[in-house]
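When a ligand or atom number is given, it counts from 1 through the structure's own listing order. FYI, the numbering just counts along the sequence from 1. Excluded from the calculations below are hydrogen atoms, water molecules and symmetry mates; all remaining heavy atoms, backbone and side chain alike, are included.
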Amino acid sequence: MVQRIKTGIPGLDSLMEGGLVEGSVALLAGTTGSGKTIASCQYIYAGLERGEPGVLITLEESPEDIREDALQFGWDFAKYEKKGLCRIIYHDPSQLNNLGGIMVEEIGRMKAKRLVIDSTSVMSLNIDNPAQVRRKLYNLITNIKRGGGTTALLTAEIPEGRHALSTFGVEEFVADAVIVLHYVGVEGAASRTLMIRKMRRTSHGRDVYPMEITKKGVTIKHSDL
Ligand SMILES: Nc1ncnc2c1ncn2[C@@H]1O[C@H](COP(=O)(O)OP(=O)(O)OP(=O)(O)O)[C@@H](O)[C@H]1O
Ligand SMILES: [Mg+2]
């Protein structure tokens, strides 16, 4: 039987048979400012509150900034880091060769049930050859899946104005699930949306759902909340 991992994002789990498939890798893709980092933090924090160890690898922001930003939503990562249930690790995007190794080591050491890598888009820094970037991403995702015990959310930035699902055009094929966030500014008012583009082994919601960011984090709006 498929075990489900609750994202903890109100309105999202009910759109995907209760949560992400345990042991799967989901891609959270979106344009800049669409809420990828906030949603990923919410996912890790929901696990911590259930006693599930979590590892967040940040390739963009510093762990200090992540902790500080999370506090405005009431998420106190430091508390769980002190308990040894959580690790927020900065990884230099120019040192990608050892990212896979560090990731596997941390997952094992922490017995992490949840993993976030934010963001995969910076993985092309210092690498000119797109095929090499794709290979690295492919290896990273297959490495996570091989472990089996951790359920991962990888963020990817969708370049503005493009009809792409990810930065490099390969992540979505290797990932088990693709969730797309959009942020559209219309005459002063902005509207956020979420769409589940694919989710293996899951009958998922097929609409474009309104999304909100409030002081409690991300919420997805639909009638069967
Ligand atoms: N307390 C809050 N209430 C409402 N909206 C907020 C709040 N804090 C942040 N936001 C919104 O969330 C956005 C940032 O979200 P987040 O950092 O998760 O986006 P991202 O997709 O990770 O972007 P980036 O491209 O910078 O990585 C802000 O631009 C702002 O619009
Ligand atoms: Mg971000």
Margin query: Here's a test for you: under side chain to side chain contact (heavy atoms under 4.5 Å, CB included), which of V178, L27, I179 qualifies with R197?
Written below: V178
Notebook entry, point to check: Who else is in Y90's hydrophobic cluster (ILVMFWY, side-chain heavy atoms under 4.5 Å, direct or via others)?
Noted result: none
Item checked: Transitive ILVMFWY cluster of V2, excluding itself - 4.5 Å side-chain cut-off -> V21
Spacing of [atom1] belonging to [X] relative to [atom2] belonging to [Y], to within rounding of 0.5 Å:
X: L56; Y: I88; atom1: CG; atom2: CD1; answer: 5.5 Å
X: L181; Y: I158; atom1: CG; atom2: CD1; answer: 8.0 Å
X: F77; Y: L85; atom1: CZ; atom2: CG; answer: 11.0 Å
X: K113; Y: I5; atom1: NZ; atom2: CD1; answer: 4.5 Å

Notebook entry, point to check: Do any protein N, O or S atoms sit under 2.8 Å from the Mg ion (ligand 2), and which ones are they?
Noted result: T37 OG1
Note to self: Between D176 and R200 (salt bridge meaning N to carboxylate O under 4.0 Å), is one present in this structure?
What the structure shows: yes
Margin query: Between K136 and N97, is the side chain to side chain contact (heavy atoms under 4.5 Å, CB included) condition met? List the steps.
Written below: CA-CA 9 Å; K136 277 199 189 308; N97 283 340; 3.0 Å; yes
Check: Got the residues with a heavy atom under 4.0 Å of ligand 1, by chain and number?
Finding: T31, T32, G33, S34, G35, K36, T37, I38, E60, Q72, F73, E157, R192, I213
